[in-house]
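Scroll down for the structure; my scribbles are underneath it.
For this chain, numbers begin at 1 and follow the sequence in order.
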Amino acid sequence: MNANPNFVPIGDSGLISTRNNFLLNNGSCLGDYIPFYFGVRMPMLYVVQNGFNMIVPTSAENIVYCVSSVQKIIDLELEFIFTDGHAVDSFTFQYTSENIQNIYTIIDKNAINAKYWRDENDLDKKRRKEAEFLVLGDITPAGILGYITYNETAKNRLINFGADAAKVIVKPEYYF
């Protein structure tokens, strides 16, 4: 948990604990990786914004997307794995850099980009929407390509924290 009072910790503490103790196929703990989603409007964001699962609701104005890219992580020579669904789900497969050429055929872009994940005809859609790109350890600021905020107030706050204004974009449609 970040001690900086300017940052709001978000997430399901039970899931965070599970992730911290979840062993990946390579023997590392999932909690040692920084998780990135491939899309926006993810189920966890919905939970965090609305306060489900005993989570205190967090205003969209207090949530910032940190944007990177697969290519940027490769260029920085950071260790990573990626999944075809939510990392702790037993149906999810884990992939290494050896599979990177096939990443866009492995992950389900339709599920990831879907606005809604509940589908009576596809009960696995939510898991696939939550595919993850996991980067081991820390990412330097050079690894962050930009930031997305809910509104101008959040954008200005982020800029006041020191973010490059040219890298901060307002996209309220990325939130619930």
Side-chain heavy atoms under 4.5 angstrom apart, residues restricted to Ile, Leu, Val, Met, Phe, Trp, Tyr: same cluster for Phe93 and Ile112? yes

Hey, any chance Leu158 and Ile169 share a hydrophobic cluster, counting ILVMFWY side chains that come within less than 4.5 Å of each other, even indirectly? no

Apply salt bridge (Lys or Arg N to Asp or Glu O under 4.0 Å) to the pair Glu61 and Arg157, showing each step before the final yes or no. CA-CA 10 Å; Glu61 195 171 276; Arg157 187 177 329 131; 3.2 Å; yes

Which one of Asn110, Asp84, Asp122, Thr83 satisfies the side-chain hydrogen bond (donor to acceptor under 3.5 Å, both in side chains) criterion with Arg128? Asp122

Using the rule side-chain hydrogen bond (donor to acceptor under 3.5 Å, both in side chains), only one of Glu132, His86, Arg127 pairs with Thr92; which is it? Arg127

The test is ring-ring contact (aromatic ring centres under 6.0 Å, His included); show your working for Phe80 and Tyr33 and say whether it passes. CA-CA 8 Å; Phe80 65 87; Tyr33 287 77; 9.6 Å; no

What distance separates Thr96 OG1 from Asn25 CG, expressed to the nearest 0.5 Å? 10.0 Å

Under the side-chain contact (heavy atoms from CB on, under 4.5 Å) criterion, do Ile81 and Tyr95 qualify, and how do the steps go? CA-CA 6 Å; Ile81 63 171; Tyr95 300 88; over 6 Å; no

For a side-chain contact (heavy atoms from CB on, under 4.5 Å) check, start with the C-alpha distance between Arg118 and Lys126, then their side-chain angles and the critical distance, and finish with the verdict. CA-CA 7 Å; Arg118 286 193 176 202; Lys126 179 178 182 253; over 6 Å; no

From the list Ile34, Ile139, Leu134, side-chain contact (heavy atoms from CB on, under 4.5 Å) with Ile73 holds only for Ile139

[X], [atom1]: over 12 other non-hydrogen atoms inside 6.0 angstrom:
X	atom1	answer
Gln71	CD	yes
Asn26	CG	yes
Phe176	CZ	yes

Within a strict 4.5 Å, meaning less than it, do heavy atoms of the Leu78 and Leu136 side chains meet? no

Would you say that Cys29 contacts Phe22 through its side chain, given a criterion of any heavy-atom pair below 4.5 Å between the two side chains? no

Taking the inter-plane angle between the rings of Phe82 and Phe133 on a 0 to 90° scale, is it parallel (under 30°), tilted (30 to 60°) or perpendicular (over 60°)? parallel

Within the distance-only criterion (no hydrogens, no angle test), does the side chain of Tyr175 pair as donor or acceptor with the backbone N or O of Val40 below 3.5 angstrom? no

